[in-house]
Amino acid sequence: MTSKSGSRRQPTAISSPAERLLAWYDRHRRHLPWRSAPGEAADPYHVWLSEIMLQQTTVVTVGPYYTDFLTRWPRIEDLAAAPLDDVLTAWAGLGYYARARNLKKCAEVLVADHGGRFPDTEAGLLDLPGIGPYTAAAISAIAFDRKATILDGNVERVMARLHRVETPLPKAKEELRALAARYTPDLRPGDYAQAIMDLGATICTPTKPKCFLCPWREDCAAHAAGDMEVYPKKSPKAARPQRFGFCFVMIDKDGRIALEKRPEKGLLGGMVQVPTSDWLGAPLDVTDATSLAPVKGKWRQLDGSVIHVFTHFALHLTVFAATCVKADPRYQWVSVDQLGTVALPSVMRKVVEHGLGKLS
DNA sequence: GAAACGTGGGC
DNA sequence: TGCCCAAGTTT
């Protein structure tokens, strides 16, 4: 601790990059709800649940969902036994709803065919629904401390900078994977996996990386060149198309709203929505609203529109509202304070709020 | 390989 | 304001 590079330094082994990263991790690891205490074994169920939730989703967003899921379904057997609609309801707002459908399916498979235990190998994990190359490696490493090369957005960025990889993503994937494999240690592979993700999340960030705090500063070609932020290079992305539709908010005399279930597969699969037109590539003609509406009635167009940006298109919804004397049994009628009990995705929550806000 | 698949926050 | 980004997987 007190030794400086000087003449009377004790003889020590030259540390590897992995050792330097692990030493940094031991001092600076993040405290996350799904992380076991230092030196304690991780619970594979907890690791799996967190990894699925964290796919393309930030730590801050996942936090409350993870806690809620574990409270509702403390063991994988509980999750396997739960109705899918309950799982989708608890997942509502997190996005990428195929994750929730696969989560439930994976739990069922594990309980039915594997005694409720996770495989400890990447190959075994890869066979399970919703578990791809990254997640299989992550669970294998973190939950079972098996050597596995994880390659996620963080690791891609770190490797691309360490070696100033010029190939743009996604083409560079295998090149980056090969680099990442060279760093993965035989000792503490689970801690190493979490360490390199912590490094990417807190030090080697997309913009303004904190190189002055980085344990790999002296190993990094991009730092030496001073061009960290140009890596990883990325292929240009296509423009985001626009789609347009009408939504129909029906309210009965008790203030309940008519909802229906979307098809089980595809966009927002299995989730609940307000009746809607198709979502097309050009604005709809308002005079067609009556024919597109789910029922006849006095439909009132509300001011403004709801704009919701999905990954692959931006959606513009014009909202119509009508009050109904009779609650059509084809729909599920839900009061506003009960909306938390149904699987309402964010786009539809916006539509409902827009409808209620404009009405009152 | 490319496209489908959500959402909210940061700059 | 619009673009980028976040512990990717499936088809």
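All values below come from the heavy atoms of this structure, side chains included, with hydrogens, waters and symmetry mates left out. Residue numbering restarts at 1 for every chain, and letters A, B, ... go by the order of the sequence lines. In this text, all values refer to a predicted model and were calculated from it rather than measured experimentally.
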Student: Between C/dA6, C/dC4, C/dT10, which one does the side chain of A/P206 approach most closely?
Tutor: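 Of the options given, the side chain of A/P206 lies nearest C/dA6.
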Student: Counting the atoms with a prime plus P, OP1 and OP2 as sugar-phosphate, which does A/G200 contact under 4.0 Å by heavy atoms, base, sugar-phosphate, or nothing?
Tutor: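 A/G200: no heavy atom of the nucleic acid under 4.0 Å.
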Student: Verify the cluster assignment for A/V286 and A/V319: are they in a single hydrophobic cluster under the rule of side-chain heavy atoms below 4.5 Å apart?
Tutor: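 A/V286 and A/V319: separate clusters.
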Student: Does the B/dG6 base have a donor-acceptor partner in the side chain of A/T57 within less than 3.5 Å?
Tutor: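 Pair found.
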Student: Given atom NZ of A/K105 and atom C1' of C/dT10, what is their separation to the nearest angstrom?
Tutor: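 Computing the A/K105:NZ to C/dT10:C1' distance gives 16 Å.
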Student: Please answer: with hydrophobic residues joined when any side-chain heavy atoms are less than 4.5 Å apart, are A/V295 and A/V334 in the same cluster?
Tutor: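 They do not share one cluster, since no chain of ILVMFWY contacts under 4.5 Å joins A/V295 to A/V334.
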Student: Base, sugar-phosphate or nothing for A/L268? Non-hydrogen atoms, less than 4.0 Å.
Tutor: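 The residue A/L268 makes sugar-phosphate contact but no base contact.
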Student: Please give the distance between the C1' atoms of C/dA7 and B/dA3 as a whole number of Å.
Tutor: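 One C1' to the other, the span is 22 Å.
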Student: Would you say C/dT9 has OP1 or OP2 under 4.0 Å from some side-chain N or O of A/T135?
Tutor: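 For C/dT9, OP1 or OP2 has a side-chain N or O of A/T135 closer than 4.0 Å.
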Student: If I take atom CZ in residue A/R243 and atom C1' in nucleotide B/dG6, what distance separates them, rounded to the nearest angstrom?
Tutor: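 Result: 14 Å.
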Student: Which nucleotide, B/dA4, B/dT7, C/dA7, lies nearest any side-chain atom of A/H312?
Tutor: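 Within the option list, the nearest is B/dA4.
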Student: Pick base, sugar-phosphate or nothing for A/L32, based on heavy-atom distances below 4.0 Å to the nucleic acid.
Tutor: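 Since a base atom lies under 4.0 Å of A/L32, the category is base.
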Student: If you check every side-chain atom of A/A201, which of B/dT7, B/dG6, C/dA7 has the closest atom?
Tutor: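 Selected nucleotide (nearest to the side chain): C/dA7.
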Student: Calculate the interatomic distance between A/H46 atom NE2 and C/dA7 atom C1'; express it in whole Å.
Tutor: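 The distance from NE2 of A/H46 to C1' of C/dA7 comes to 18 Å, rounded to the nearest Å.
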Student: When the distance from CD1 of A/I131 to P of C/dG8 is rounded to whole Å, what number comes out?
Tutor: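 After rounding, the reported distance stands at 15 Å.
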Student: Would you say A/T207 reaches C/dC4's phosphate, i.e. side-chain N/O to OP1/OP2 under 4.0 Å?
Tutor: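 Negative; the distance criterion is not met.
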Student: Taking only the side-chain nitrogens and oxygens of A/R157, find out if one of them lies under 4.0 Å from OP1 or OP2 of C/dC5.
Tutor: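 No, outside the criterion.
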Student: Checking ring-ring contact (aromatic ring centres under 6.0 Å, His included) between A/F246 and each of A/W299, A/F320, A/W279, which is the one that passes?
Tutor: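 Among the candidates, only A/F320 passes.
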Student: Using the rule that Ile, Leu, Val, Met, Phe, Trp and Tyr join whenever any side-chain heavy atoms are under 4.5 Å apart, tell me whether A/L344 and A/V347 fall into a single cluster.
Tutor: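 The answer is yes; both residues are in one hydrophobic cluster.
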Student: In whole angstrom, give me the gap between the P atoms of C/dT9 and B/dG8.
Tutor: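 These two P atoms come out 22 Å apart once rounded.
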Student: Touch check for A/V309, heavy atoms < 4.0 angstrom, all strands: base, sugar-phosphate only, or nothing?
Tutor: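 Base, at least one base atom sits under 4.0 Å.
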Student: Report yes or no: is there a donor-acceptor pair, N or O only, under 3.5 Å between the side chain of A/Y134 and the base of C/dG8?
Tutor: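 Looking at the base of C/dG8, it does not pair with any donor or acceptor on the side chain of A/Y134 (distance under 3.5 Å).
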Student: Taking only the P atom of each, what is the distance from B/dC5 to C/dA6 in whole angstrom?
Tutor: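 About 22 Å, rounded to a whole number of Å.
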Student: Under 4.0 Å between a side-chain N/O of A/Y97 and OP1 or OP2 of B/dT7, yes or no?
Tutor: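 Yes.
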Student: Look at all strands and tell whether A/K234 reaches a base, only sugar-phosphate, or nothing, counting heavy atoms closer than 4.0 Å.
Tutor: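 Sugar-phosphate: the residue A/K234, judged by heavy atoms under 4.0 Å, touches backbone atoms but no base.
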Student: Taking for each residue the nucleotide of DNA chain B with the nearest heavy atom, is it A/K350 or A/K171 whose nucleotide lies nearer the 5' end?
Tutor: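 The residue closer to the strand's 5' end, by nearest nucleotide, is A/K171.
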Student: Does A/F69 have its ring centroid less than 6.0 Å away from the ring centroid of A/Y66?
Tutor: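 Centroid separation for A/F69 and A/Y66: 6.0 Å or greater.
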Student: Looking across every strand, which nucleic acid part, if any, lies under 4.0 Å from A/W34 by heavy atom: base, sugar-phosphate, or nothing?
Tutor: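 Base contact.
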Student: Would you mind reading off the distance between A/L49 atom CG and C/dA7 atom P, rounded to a whole angstrom?
Tutor: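 So the CG-P distance, A/L49 to C/dA7, works out to 18 Å.
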Student: Taking atom P of B/dG6 as reference, at what distance in whole Å does atom CG of A/L54 sit?
Tutor: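 To the nearest whole Å, that distance equals 18 Å.
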Student: Output the single nucleotide from C/dG8, B/dT7, B/dG6 whose closest atom is nearest the side chain of A/Q55.
Tutor: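 My answer, after comparing the listed nucleotides, is C/dG8.
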Student: Heavy atoms from C-beta onward define the side chain here; which of B/dG6, C/dT9, C/dC4 lies closest to that of A/K237?
Tutor: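 Out of B/dG6, C/dT9, C/dC4, the nucleotide with an atom closest to A/K237's side chain is C/dC4.
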Student: To the nearest Å, how far apart are A/L88 CG and B/dG6 C1'?
Tutor: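 Interatomic distance, CG of A/L88 to C1' of B/dG6: 14 Å.
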Student: Start at the 5' end of DNA chain C and walk down; is the nucleotide closest to A/P129 or to A/Q194 reached first?
Tutor: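 Between the two, 5'-proximity favours A/Q194.
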Student: Looking at A/H308, does any N or O in its side chain come under 4.0 Å of the phosphate oxygens OP1/OP2 on B/dG6?
Tutor: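 It does not, given that no N or O in the side chain of A/H308 lies less than 4.0 Å from OP1 or OP2 of B/dG6.
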Student: Does A/Q56 put a side-chain nitrogen or oxygen below 4.0 Å from OP1 or OP2 of C/dA6?
Tutor: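 Checking A/Q56 against C/dA6: no side-chain N or O falls below 4.0 Å of OP1 or OP2.
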Student: So, for A/Y45 and A/F118, is the gap between ring centers shorter than 6.0 Å?
Tutor: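 They do not qualify: ring centres at least 6.0 Å apart.
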Student: Measure from CZ on A/R101 to C1' on B/dA4 and round the result to the nearest Å.
Tutor: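 Atom CZ in A/R101 sits about 11 Å away from atom C1' in B/dA4.
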Student: Taking only N and O in the side chain of A/R349, is any of them less than 4.0 Å away from OP1 or OP2 of B/dG8?
Tutor: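 So the side chain of A/R349 is within the cut-off, an N or O lying under 4.0 Å from OP1 or OP2 of B/dG8.
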Student: Using the rule given for ring-ring contact (aromatic ring centres under 6.0 Å, His included), can you reason through A/Y96 versus A/W91, listing the C-alpha separation, both sets of side-chain angles and the distance that settles it, and then say yes or no?
Tutor: CA-CA 9 Å; A/Y96 285 146; A/W91 199 277; over 10 Å; no
Student: Pick base, sugar-phosphate or nothing for A/V347, based on heavy-atom distances below 4.0 Å to the nucleic acid.
Tutor: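 If one applies the 4.0 Å heavy-atom cut-off, A/V347 turns out to touch the sugar-phosphate alone, with no base involved.
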Student: Salt bridge or not for A/K350 and A/E353, using N-O below 4.0 Å?
Tutor: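 Result for this pair is no, no salt bridge flagged.
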